[in-house]
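The next block holds one structure in the form of structure tokens; read it before the comments.
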Amino acid sequence: MAEQQSNVAVLGGGSFGTALASIAADNGANVRQWLRDEALVAQINREHRNGRYLPDYAINPAVTASTDLKSVLTGAELVLIAIPSKAFRSVVQAAKPWLSPEQILVSTTKGIEQDGFLLMSQVLEQETGFPHIGVIAGPNLASEIADKQLTATVIASADALTRTRVQQVLGCRYFRVYASNDRHGVELGGALKNIYAIAAGMAAALGMGENTRSMLMTRALAEMSRFAVAQGANPMTFLGLAGVGDLIVTCSSNLSRNYRVGHALGTGLSLEEAVAALGQVAEGVNTVKLVCAKAREMGVYMPLAEGLNRVLFDGVPAQEMASTLMMGEQSSDVEFILPREAVQQAHREQAHQGQHNSGGCDE
């Protein structure tokens, strides 16, 4: 529970932003939520319900919604930014006149900005230069949080004040908030797992079993951590809630938007049809393309992401991608124990030895 009454601003009217706004209000905070949609603002204030994203969820009546950024942000100690990645920067720019360096700014968005391959906390840093910046990530399906099912998340920041205040404001009997100082790793985990949730949904639609899903998730974790470590993250972060935790839930649940897009692709729908059927943003679709381009640039081996990229954007049938992946190299299991290069070197030495031995045979 919050130790003192806090003023909290939530930017965004989606399912996760709405759930967090209500949790903070449950904990005694003064909460104001900003949305663009005037009809949705009126509904939240009148009915305490977000009919578009969480229609069955009773929002704490203390949450006040508004389309006016100034009134929402003025006096806020903690600002939670729950805006899709494509609109994230523009909303932060619009909010800037009413932001101050004393405020704690926390992104909840699991996406990547195309220009410069920037994560949302990096956008916040770039736009504000403020010292108290953090990210929230983890296995957080908003509909289950709304049902007050036991859920855990991670607040990641190099700043101890940011971590502590978010834990105080949001932590409650059903929403547990754990701390990390690896902001980059936590944020990359949140963004990267969306790719593999699409692949898992596709595999399920193709009739693949539990062994396959387990293999897919484990190799996805290897791929995610390989990429993140190349970007400067700590590999141990991926053992936590924002790594394996978030990966498990998004690769296993039909409540995951990215999983649902993948499932629709696996049934034969086009990407456009799959996204249209979902009716919401699935961050993983954009993330696949960006991550694959960055991985090629850095020389990071990401066969699952590359295979999915070909299905999404090159018209390769999902079934064909699945069989191609099974013919990939059999390399190291956990690369931070046995490096992939060591396995490849052993294969080369074995092949060389075989050639040497065959060359010495009697004719």
Side-chain angles (χ1 to χ4, degrees), residues 16 81-86 88-89 105-126 133-140 152-159 162-163 178-200 217-251 256 258 281-306 308-309 334-336:
F16 192 50
I81 306 163
I83 301 289
S85 59
K86 285 186 177 179
F88 193 95
R89 186 182 291 272
L105 308 180
V106 176
S107 165
T108 74
T109 302
K110 297 172 177 177
I112 299 167
E113 187 180 73
Q114 183 167 346
D115 295 339
F117 197 83
L118 294 174
L119 297 163
M120 298 304 104
S121 71
Q122 293 172 314
V123 173
L124 277 176
E125 266 182 342
Q126 207 175 67
I133 289 176
V135 298
I136 286 175
N140 303 147
T153 198
V154 180
I155 171 62
S157 178
D159 173 52
T162 297
R163 298 193 301 264
Y178 294 85
S180 169
N181 60 1
D182 183 16
R183 194 185 82 196
H184 200 60
V186 164
E187 197 165 14
L188 274 171
L192 292 169
K193 56 87 194 179
N194 287 329
I195 295 173
Y196 305 102
I198 296 175
M217 290 164 64
T218 309
R219 297 317 304 159
L221 195 64
E223 206 165 285
M224 287 165 61
S225 54
R226 183 188 309 137
F227 181 88
V229 168
Q231 288 260 307
N234 185 331
M236 298 304 285
T237 293
F238 289 80
L239 294 179
L241 288 161
V244 69
D246 206 358
L247 185 67
I248 288 169
V249 77
T250 49
C251 288
S256 159
N258 293 285
V281 176
E283 288 281 4
V285 173
N286 185 48
T287 303
V288 173
K289 186 182 286 187
L290 298 180
V291 166
C292 285
K294 192 68 175 176
R296 288 191 289 266
E297 179 190 313
M298 296 193 303
V300 177
Y301 178 62
M302 299 188 78
L304 289 174
E306 279 290 352
L308 186 59
N309 191 54
V334 179
E335 291 173 51
F336 307 110

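- Note that the OG1 atom of Thr109 and the CZ atom of Phe88 stand 5.0 Å from one another [nearest 0.5 Å].
- No side-chain heavy atom of Cys292 sits under 4.5 Å from any side-chain heavy atom of Met302.
- Judged as a salt bridge (Lys or Arg N to Asp or Glu O under 4.0 Å), and not counting sequence neighbours, the contacts of Arg183 are Glu125.
- Between the CG atom in Asp246 and the OG1 atom in Thr153 there is a gap of 8.0 Å [rounded to 0.5 Å].
- Around the NZ atom of Lys294, the shell of radius 6.0 Å holds more than 12 heavy atoms that belong to other residues, nucleotides or ligands.
- Around the CE atom of Met236, the shell of radius 6.0 Å holds no more than 12 heavy atoms that belong to other residues, nucleotides or ligands.
- Note that CG of Asp159 and CG of Asn181 are 11.5 Å apart. Values are rounded to the nearest 0.5 Å.
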Distance-only donor-acceptor pairs under 3.5 Å for side chains of residues 188-196, two or more places apart:
residue, atom, partner, partner atom, Å
Asn194, OD1, Asn258, ND2, 2.9
Asn194, ND2, Lys110, O, 3.2
Tyr196, OH, Glu223, OE2, 2.7

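- Screening Val135, Ile81, Thr162 for a side-chain contact (heavy atoms from CB on, under 4.5 Å) involving Val106 leaves a single residue, Thr162.
- In this structure, Gly111 and Glu283 approach most closely via the heavy-atom pair CA-OE1, 3.9 Å.
- A search for salt bridge (Lys or Arg N to Asp or Glu O under 4.0 Å) contacts involving Lys86 returns nothing, not counting sequence neighbours.
- Residues Pro139 and Ala152 come closest through the heavy atom pair CD-O, 3.6 Å.
- Checked by atom type and distance alone, the side chain of Ser107 never pairs as donor or acceptor with a backbone atom of Ser121 at under 3.5 Å.
- Taking CD from Glu335 and OH from Tyr301, the interatomic distance works out to 9.5 Å, rounded to the nearest 0.5 Å.
- With Ser180 contributing its side chain and Asp182 its backbone, the two residues share a donor-acceptor pair below 3.5 Å.
- Looking at every heavy atom in both residues, Phe227 comes nearest to Ala295 through CE1-N, 3.9 Å.
- Counting heavy-atom neighbours within 6.0 Å of Gln231 CD, excluding the residue itself, gives a total above 12.
- When every heavy atom of Ala179 is checked against every heavy atom of Val154, the shortest pair comes out as C-CG1, 4.4 Å.
- Side-chain contact between Arg296 and Glu306 is present, with at least one heavy-atom pair separated by less than 4.5 Å.
- Closest non-hydrogen pair, Phe117 versus Leu290, comes out as CE1-O, 3.6 Å.
- Side-chain contact check for Ile133 versus Ser157: every heavy-atom pair is 4.5 Å or farther apart.
- Atom CD1 of Ile136 and atom CG of Leu241 lie 12.5 Å apart (nearest 0.5 Å).
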Stepwise side chain to side chain contact (heavy atoms under 4.5 Å, CB included) test for Arg89 and Gln126: CA-CA 10 Å; Arg89 186 182 291 272; Gln126 207 175 67; 2.6 Å; yes

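- Between atom CZ of residue Arg219 and atom CG of residue Leu304 there is a gap of 8.0 Å, rounded to the nearest 0.5 Å.
- The shortest distance between side-chain heavy atoms of Leu119 and Ile112 falls below 4.5 Å.
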